[in-house]
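A quick write-up on the structure given underneath.
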Protein chains: 2
Amino acid sequence: MISDKTVARLSVYRRVLLDMQDAGQAHVFSHELAARSGCTAAQVRRDVMATGYTGSPVRGYDVTALAGSISEFLFHSEAQKVALVGIGNLGRALMAFSPRRNPRIPLVAAFDNDPAKVNRVIHGCRCYPVQQLEEVVESEGIRVGILAVPSAAAQDTARRLCRAGVVGLLNFAPTHVWVPPHVYIENLDLSMALEKVAFFAGLRAPQKEISL
Amino acid sequence: MISDKTVARLSVYRRVLLDMQDAGQAHVFSHELAARSGCTAAQVRRDVMATGYTGSPVRGYDVTALAGSISEFLFHSEAQKVALVGIGNLGRALMAFSPRRNPRIPLVAAFDNDPAKVNRVIHGCRCYPVQQLEEVVESEGIRVGILAVPSAAAQDTARRLCRAGVVGLLNFAPTHVWVPPHVYIENLDLSMALEKVAFFAGLRAPQKEISL
DNA sequence: TTCACGCTGTGATTCGTTTCACAAAGACTA
DNA sequence: TAGTCTTTGTGAAACGAATCACAGCGTGAA
Ligand SMILES: NC(=O)c1ccc[n+]([C@@H]2O[C@H](COP(=O)([O-])OP(=O)(O)OC[C@H]3O[C@@H](n4cnc5c(N)ncnc54)[C@H](O)[C@@H]3O)[C@@H](O)[C@H]2O)c1
Ligand SMILES: NC(=O)c1ccc[n+]([C@@H]2O[C@H](COP(=O)([O-])OP(=O)(O)OC[C@H]3O[C@@H](n4cnc5c(N)ncnc54)[C@H](O)[C@@H]3O)[C@@H](O)[C@H]2O)c1
């Protein structure tokens with residue numbers, strides 16, 4: 001019913017609105033929010049419709065009220081606890097970033113199969129041996145998982161997470177991961193994204209410089 | 001003419017095909033490639049059309065030949081050199097990953113405004129003070145940039161990169177960045193992706209466990 | 001009080017992508 | 001040789017999302 005892409009844009013609008021709130025701005029028009037979010041005014045209005053909030057044709061949207069409405073829409077349920085699997089280069093960067101993130105989506109546990117990396121606390125997040133995955137996910141009621149393990153381990157890790165009750169996955173491994181139909185999975189394939197950028201960069205500057 | 005999404009999927013097919021090649025598989029059918037790539041057989045056939053390669057109705061596609069055709073299609077131009085700006089947590093993870101990546105898209109320079117992080121070589125990549133950005137990008141002929149700086153610095157960094165000749169950008173900062181129309185930009189907003197996953201996870205398991 | 005203005009909310013439309021469905025073709029069988 | 005089987009390549013149809021376009025409305029000006 002509600003589209004993937006609308007949810008993504010609402011998340012962007014929310015961040016922009018919070019920035020505006022910090023800057024003391026009280027009202028905003030759809031075209032202004034659109035410009036700051038990289039989309040069109042019509043799209044903003046359509047997306048805002050989904051949250052049920054209604055603006056005023058004269059003042060536009062109330063910044064605080066709209067931010068609140070989007071927050072309520074996006075984070076309606078109780079806080080969604082997150083588990084990270086794979087405390088490697090990428091996993092550690094994600095952990096370092098997590099305190100700056102949305103407190104409604106807290107990172108509460110991390111797992112690794114390397115004994116040297118576990119049984120400590122990094123940026124407020126407990127690190128466990130991967131053997132305890134099911135136990136911790138179940139006891140903490142974790143519903144969201146982040147896969148930052150090598151490709152070869154991704155499918156099996158996903159299977160374990162889903163069995164333990166995870167229903168949303170963010171996958172950084174550059175491989176397709178099968179999950180049960182009730183689980184939502186989002187793939188963030190950085191290599192693929194870079195290849196895409198390189199491809200279009202090649203199209204846009206195809207001729208060598210006249211370099212003589 | 002060629003769609004964004006087709007390029008993305010071709011990149012995935014290519015990786016799957018290289019894995020098959022390593023495993024000694026000589027031929028593959030569209031439905032098989034589709035299953036391993038997370039899409040449909042019809043989509044595979046459509047996408048393959050774009051590269052100009054033609055399979056056999058009996059044997060399917062020749063793994064090596066198709067991988068080659070996709071590679072040629074995606075990486076037709078000379079190697080696309082890449083510059084990274086922002087040697088923080090995320091930047092360092094990307095540098096650590098780069099040797100494992102496509103050699104047609106080499107990471108050749110990194111920049112930071114923190115003097116403590118520059119004037120050394122990390123994973124084979126030279127780190128420069130950000131003041132030398134224009135000079136290095138121009139002299140090396142770099143056409144692709146990765147933004148791993150804080151949001152506040154993203155727009156200005158993008159502007160400098162584009163002025164220096166970059167025509168493709170990969171942006172990790174959670175902010176909208178304006179670029180000239182001839183520049184291709186791809187945003188990888190990890191926070192947004194996680195909020196999306198959390199949202200759909202909340203929808204799929206909305207009720208608290210009957211936990212008594 | 002009337003009018004003009006600019007913006008929101010939304011039905012209708014357009015656009016791009018995915019999926020369907022089938023003709024064409026090689027290989028194997030008898 | 002004729003027939004069957006499986007898969008490709010691709011027009012055509014279906015689908016979903018973005019965009020258009022405008023009615024409706026509150027405001028401020030005259
Ligand atoms: N680092 C990057 O910038 C980057 C970029 C693109 C994609 N990726 C992908 O992200 C994933 C992680 O990348 P990375 O650079 O952090 O790799 P890494 O090798 O630094 O870290 C992987 C971690 O996973 C752990 N691990 C391995 N098998 C495991 C298992 N079965 N269970 C639990 N933990 C296990 C390892 O001990 C290690 O700590 C990889 O799939 C990689 O392809 C990373
Ligand atoms: N770390 C993550 O997992 C993560 C996740 C999501 C998004 N991001 C985004 O990626 C970006 C980088 O994240 P990070 O965790 O690496 O942050 P970080 O603070 O660890 O690193 C930022 C780096 O950029 C450098 N820098 C700051 N201003 C600069 C400038 N004007 N020119 C050049 N260099 C400059 C800093 O010296 C620092 O080394 C941020 O925008 C962040 O929001 C990071």
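We use all heavy atoms of the structure for the numbers below, so side chains are in, but hydrogens, waters and symmetry mates are not. Proteins come first, then strands; the chains are lettered A, B, ... in the order of their sequence lines, and each starts at number 1.
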| said: Within the structure provided, determine whether A/Tyr184 and B/Phe199 are in side-chain contact (heavy-atom separation under 4.5 Å). | reply: no
Polar-atom pairs under 3.5 Å, protein N or O versus N or O of nucleotides 5-10 of chain C: list them with distances, or write none.
{"unit_1": "C/dC7", "atom_1": "O4'", "unit_2": "A/Pro57", "atom_2": "O", "d": "3.0"}
{"unit_1": "C/dT8", "atom_1": "OP1", "unit_2": "A/Ser30", "atom_2": "N", "d": "2.9"}
{"unit_1": "C/dT8", "atom_1": "OP2", "unit_2": "A/Ser30", "atom_2": "OG", "d": "2.7"}
{"unit_1": "C/dG9", "atom_1": "OP1", "unit_2": "A/Thr54", "atom_2": "OG1", "d": "3.3"}
{"unit_1": "C/dG9", "atom_1": "OP1", "unit_2": "A/Gly55", "atom_2": "N", "d": "2.5"}
{"unit_1": "C/dG9", "atom_1": "OP2", "unit_2": "A/Tyr61", "atom_2": "OH", "d": "3.0"}
{"unit_1": "C/dG9", "atom_1": "N7", "unit_2": "A/Arg45", "atom_2": "NE", "d": "2.9"}
{"unit_1": "C/dG9", "atom_1": "O6", "unit_2": "A/Arg45", "atom_2": "NH2", "d": "3.1"}

In plain terms, say whether B/Arg160 and B/Glu134 are close enough for a salt bridge, that is, a side-chain N and a carboxylate O under 4.0 Å apart.
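Yes, B/Arg160 and B/Glu134 are salt-bridged.
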* Output yes when B/Arg104 and A/Glu195 qualify as a salt bridge under the 4.0 Å nitrogen-oxygen rule, no when they do not. =>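 No, this pair does not count.
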Distance check needed: [N] [atom2] versus [X] [atom1], whole Å only.
X: B/Leu33; N: D/dT7; atom1: CG; atom2: P; answer: 14 Å
X: A/Lys5; N: C/dT17; atom1: NZ; atom2: C1'; answer: 9 Å
X: B/Asp4; N: D/dA18; atom1: CG; atom2: P; answer: 13 Å
X: B/Gln43; N: D/dG16; atom1: CD; atom2: C1'; answer: 14 Å

Residues at least two apart in sequence or cross-chain that pass ring pair (Phe, Tyr, Trp, His ring centres under 6.0 Å) with B/Phe172, listed by chain then number, are none
Hits for ring pair (Phe, Tyr, Trp, His ring centres under 6.0 Å) against A/Phe75, two or more places apart or cross-chain, chain-then-number order -> none
Among pairs that include at least one residue of residues 15-29 of chain B, which meet side chain to side chain donor-acceptor pair (under 3.5 Å), considering only residues two or more places apart or in two chains?
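Non-adjacent pairs meeting side chain to side chain donor-acceptor pair (under 3.5 Å): A/Asp189-B/Arg15, B/Gln21-B/Thr64, B/Gln25-B/Glu32.
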Residues 145-158 of chain B vs side chain to side chain donor-acceptor pair (under 3.5 Å), sequence neighbours excluded, gives B/Asp156-B/Arg159
- prompt: Is it true that atom CZ of B/Arg126 has more than 12 heavy atoms of other residues, nucleotides or ligands lying nearer than 6.0 Å?
  reply: no
Requested in this report: Output the residues of residues 179-199 of chain B in contact with DNA chain D, where contact means a heavy atom of the residue under 4.0 Å from an atom of the strand; sort by number or write none.
Outcome: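 Going residue by residue through residues 179-199 of chain B, none turns out to have a heavy atom under 4.0 Å of DNA chain D.
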